[in-house]
Colleague: 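Encoded as structure tokens, here's the structure I'll be asking about.
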Amino acid sequence: MSSYVGVLVSDPWLQSQFTQVELRTLKSKFNSNKTLLDRFTVGDLPPVFAKLNAFSGTFNEGEIKSVLDKSYSNVDDEVDFETFLRAFLSVQARGVEKSGGSKGSSSFLKTSTTTVHHAINESEKASYVSHINSYLRDDPFLKNYLPIDPATNAFFDLVKDGVLLCKLINVAVPGTIDERAINTKKMLNPWERNENLTLGLNSAKAIGCTVVNIGTQDIAEGRPYLVLGLISQIIKIQMLADLNFKKTPSLFQLVDDTQDAEELMGLAPEKVLLKWMNFHLKKAGYEKQVTNFSSDVKDGEAYAYLLNALAPEHSTHVALETKDPTERAKKVLEQAEKLDCKRYLSPKDIVDGSANLNLAFVAQIFQHRNGLTVDSSKSTSFAEMMTDDVETSREERCFRLWINSLGTATYVNNVFEDLRNGWVLLEVLDKVSPGSVNWKHANKPPIKMPFKKVENCNEVIKIGKELRFSLVNVAGNDIVQGNKKLLLAFLWQLMRYTMLQLLKNLRSHSQGKEITDADILNWANRKVKRVGRTSQAESFRDKNLSSGIFFLELLTAVEPRVVNWSLVTSGETEEDKKLNATYIISVARKLGCSIFLLPEDIIEVNQKMMLILAASIMYWSLQQQSDTESNVSEDAADEGDASSVTGEISNLALDEASESTPSVQDLELVTKADEDADEVDRKDNKDA
């Protein structure tokens, strides 16, 4: 294991906002200025920040001073390193607003929760409230509380019990939450309210929101800047849901060849939206290129051209002939309303360049009139690129959401594309095994030279081997080349390693020893048995798990109040299995488990996801014990499970898996091709 130790910050949230490369660079700047000056104060920050590459071309010294004056009243206050970092984030966040883009390579989903300054944008608040009033007005429970008046703070009060949050998530991605798991009554006790908020936050992670700096208490207290940051992400996910080839195959019209199509498939949804917008603008004769949803659209010209191209029946040159930007914005919105686009932004929002609201506006135009036609021959040829089987697609989704939940600096939109340069994998490794990455050996994006990508990926493989992953005949170039099976196999081992390390670190249970798959299975079986239930799992591939009964009994065993058994089915038919599986996932998230599987994973008994589900429940249970008990308890009696551990994570390399006798310890962590080769080896040995 590398002995490299990165820059550490006492505040975990603050640490999570930077990569180690950024921290080392900023630490160097801080130290050099502290050495140069007798006292390094807030007043010294503007000239220092103005010279940083991050703000070059975005801010001058005076503008930086103006931003910092809002946060720091006394310019003579001495600056320590953490104050230096927080000031940097304040200026950076203002830069994101100013440019209408996002920091670094992160998508809008990442930046919208980096809520370092607490000012509330009243226009955004009014827009989100209008959206909620529109989409949830017929909800059986919430209709008694809607519509919300955007001029008041009623919205922040209504969100405190978690019901609205859960309902809005289901609007954005239908079926994410089993609404039977939501506590809905007029007066919720604190435990029930916290359950709803926990369910909401864990489900938000499961649809792609970044919530690393938001807790249930923040929502319960109705902290406006955090609530709006989260709601903004959920609404954006809903608005951009159709910007992919599966939902809108006609998007292939935006590209000319296979290479362009591959690049488009790897783009973030908002980048696809920009590409779509520029596609129509070019055809309409608009000569400029729109690169953001802020400064490039604030004059309203691009909107006028776009709407004329998409809706010629409503075409008018009045908007283009209008010289005043505000008047032109009014004409644009009037024309958009003829396409049934709801007015969620005002002319002032367009002129002010409100990035979030302009993005939502363009997304709404796309939903109502995308102007693309389906070319069957072209769609068929490009469709061959999207031949991933269902299981591969589900695994990609699971790992993508898991990575984004870690709070890495780079937001992942497509695992198979975004991880190929190795940088994101290094960020993830640094999160799950702090200090394992020597950032001096890493190449930061954008990376144009292929061999630099290979260097990053070779470092990833090297660290993986140090963590005892099964990486036989795997090289960094396999990741660069986009070998999907090998990449998924690596990510599965990384996720599994993370969970097992979390369990190991609960020393009250494991005494610091390694936890194996067999320990998790034994713990789950004993837990269920001790509460008088009859279900038992032979392994994590036991087909009986498909009914869902075992996991519901396990959830009841760790928290008797969490499962409403009147809602549970026998799990005999496919429909009953689906109902139980959906309920299990919501109940586990409601309890506090951060999981990313789908109901199909339970129904089909995906052994990898079964292990992670059981381990997540085990971790929550042992964490409660660790937090609330110091004496012997029911779980402490399970310590025999951990004491039987040999002291090493079960080695799942192929050559050893074939010799392993417990079925739970031969989970497939390698590709099907590797498994086939292993089967040949076994047959050869038998013949010999």
Side-chain angles (χ1 to χ4, degrees), residues 109 112-113 127-148 155 158-185 188 192-211 214 216 219 227-244 246-247 269 342 344 360 363-364 367 394 397-398 401 404-405 562 564 567 575 578-602:
L109 291 172
S112 49
T113 49
S127 175
Y128 301 151
V129 167
S130 177
H131 182 93
I132 290 167
N133 286 338
S134 174
Y135 281 92
L136 291 173
R137 64 188 175 193
D138 296 325
D139 181 84
F141 180 79
L142 289 176
K143 67 182 181 182
N144 298 316
Y145 304 93
L146 300 179
I148 306 168
F155 166 62
L158 186 56
V159 81
K160 289 180 180 180
D161 66 5
V163 177
L164 186 148
L165 178 62
C166 292
K167 299 277 188 176
L168 188 61
I169 288 171
N170 268 358
V171 169
V173 183
T176 299
I177 296 175
D178 187 333
E179 297 203 1
R180 296 176 298 171
I182 304 173
N183 299 316
T184 52
K185 59 184 183 182
L188 297 176
E192 292 168 329
R193 184 166 56 247
N194 188 68
E195 275 192 333
N196 281 349
L197 293 171
T198 303
L199 172 60
L201 286 178
N202 281 324
S203 298
K205 292 181 192 177
I207 65 171
C209 296
T210 303
V211 294
I214 304 177
T216 56
I219 310 298
V227 171
L228 285 181
L230 179 57
I231 296 298
S232 168
Q233 290 188 81
I234 296 169
I235 291 176
K236 285 173 181 174
I237 287 171
Q238 176 190 346
M239 300 299 288
L240 300 178
D242 293 337
L243 281 153
N244 60 74
K246 290 183 178 178
K247 292 280 187 71
K342 296 181 179 65
Y344 289 151
Q364 197 174 45
Q367 287 180 345
R394 286 213 304 261
R397 170 197 167 277
C398 173
L401 295 171
N404 289 332
S405 76
V562 79
N564 181 348
L567 303 175
E575 184 179 352
K578 180 70 177 288
L579 287 170
N580 283 354
T582 305
Y583 189 53
I584 287 167
I585 293 171
S586 290
V587 168
R589 287 176 181 153
K590 179 178 178 178
L591 199 62
C593 300
S594 183
I595 50 176
F596 305 97
L597 74 167
L598 292 170
E600 290 77 11
D601 293 315
I602 297 175

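Since the structure is predicted, the reported quantities are computational estimates derived from the model, not experimental observations.
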Colleague: Under 4.5 Å between any side-chain heavy atoms of Leu199 and Ile182, yes or no?
Modeller: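 Leu199 vs Ile182: side chains touch.
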Colleague: To the nearest 0.5 angstrom, please state how far the CD atom of Glu575 sits from the CG atom of Leu579.
Modeller: 5.5 Å
Colleague: Which atoms form the tightest heavy-atom contact between Asn133 and Pro147, and what is the distance?
Modeller: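 In terms of heavy atoms, the two residues are closest at OD1-CA, 3.3 Å.
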Colleague: Rounded at 0.5 Å granularity, tell me how far CD1 in Ile231 sits from CG in Leu165.
Modeller: 5.5 Å
Colleague: When rounded to the nearest 0.5 angstrom, what is the spacing between SG in Cys209 and CD1 in Ile237?
Modeller: 3.5 Å
Colleague: For residues Thr210 and Gln233, determine if any side-chain heavy atom of one lies less than 4.5 Å from a side-chain heavy atom of the other.
Modeller: yes
Colleague: Is Asn170 reaching over with its side chain to a backbone N or O of Thr176, donor-acceptor style, under 3.5 angstrom?
Modeller: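 Side chain of Asn170 to backbone of Thr176: a pair is present.
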Colleague: If I take atom CD1 from residue Ile235 and atom CG from residue Leu168, how far apart are they, to the nearest 0.5 angstrom?
Modeller: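 CG of Leu168 is found 5.5 Å from CD1 of Ile235.
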Colleague: Is there a side-chain contact between Ile219 and Leu230, using heavy atoms and a 4.5 Å cut-off?
Modeller: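 Yes, close enough: below the 4.5 Å cut-off.
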Colleague: Restricting to non-hydrogen atoms, name the atom on Phe596 and the atom on Ala206 that form the minimum distance, rounded to 0.1 Å.
Modeller: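 Looking at all heavy atoms of both residues, the closest pair is CD2-CA, 4.0 Å.
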Colleague: When rounded to the nearest 0.5 angstrom, what distance separates CG in Leu228 from OG in Ser127?
Modeller: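 That separation rounds to 10.5 Å.
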Colleague: Who pairs with Asp601 by salt bridge (charged side-chain N to carboxylate O under 4.0 Å, His left out), at least two apart in sequence or on another chain?
Modeller: Arg394
Colleague: Listed by chain and number, what are the side-chain hydrogen bond (donor to acceptor under 3.5 Å, both in side chains) partners of Asn580, not counting sequence neighbours?
Modeller: Thr569
Colleague: For the NZ atom on Lys160, are there more than 12 heavy atoms of other groups (residues, nucleotides or ligands in this structure) within a distance under 6.0 Å?
Modeller: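 For Lys160, atom NZ is crowded (more than 12 foreign heavy atoms under 6.0 Å).
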Colleague: Identify the heavy atoms of Leu401 and Lys205 that sit nearest to each other, and give their distance.
Modeller: CD2-O, 3.8 Å
Colleague: Can you sort out the partners of Lys167 under side-chain hydrogen bond (donor to acceptor under 3.5 Å, both in side chains), two or more places apart, ordered by chain and number?
Modeller: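 Partners of Lys167 under the side-chain hydrogen bond (donor to acceptor under 3.5 Å, both in side chains) test: Asp139, Glu179.
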Colleague: Which residues satisfy the side-chain hydrogen bond (donor to acceptor under 3.5 Å, both in side chains) test with Gln238, sequence neighbours excluded?
Modeller: His131
Colleague: Working note: Asn202 + Cys593, criterion side-chain contact (heavy atoms from CB on, under 4.5 Å); need CA distance, chi angles, decisive distance, verdict.
Modeller: CA-CA 7 Å; Asn202 281 324; Cys593 300; 5.7 Å; no
Colleague: Determine which pairs satisfy side chain to side chain donor-acceptor pair (under 3.5 Å) with at least one residue from residues 582-592, sequence neighbours left out, and list them in order.
Modeller: Asn183-Lys590
Colleague: Is a donor on one side and an acceptor on the other found under 3.5 Å between the side chain of Asp242 and the backbone of Lys247?
Modeller: no
Colleague: side-chain hydrogen bond (donor to acceptor under 3.5 Å, both in side chains) with Asn404: which residues, sequence neighbours excluded?
Modeller: none
Colleague: Measure the spacing between CD1 of Ile234 and CD1 of Ile169 and express it to the nearest 0.5 Å.
Modeller: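 Result: 4.5 Å between the selected atoms.
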Colleague: For Ile585 and Leu597, which heavy atoms make the closest approach, and how far apart are they?
Modeller: CD1-O, 3.7 Å
Colleague: Contact between Leu136 and Tyr145 at the side-chain level, heavy atoms closer than 4.5 Å - yes or no?
Modeller: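 Sidechains of Tyr145 and Leu136: no contact.
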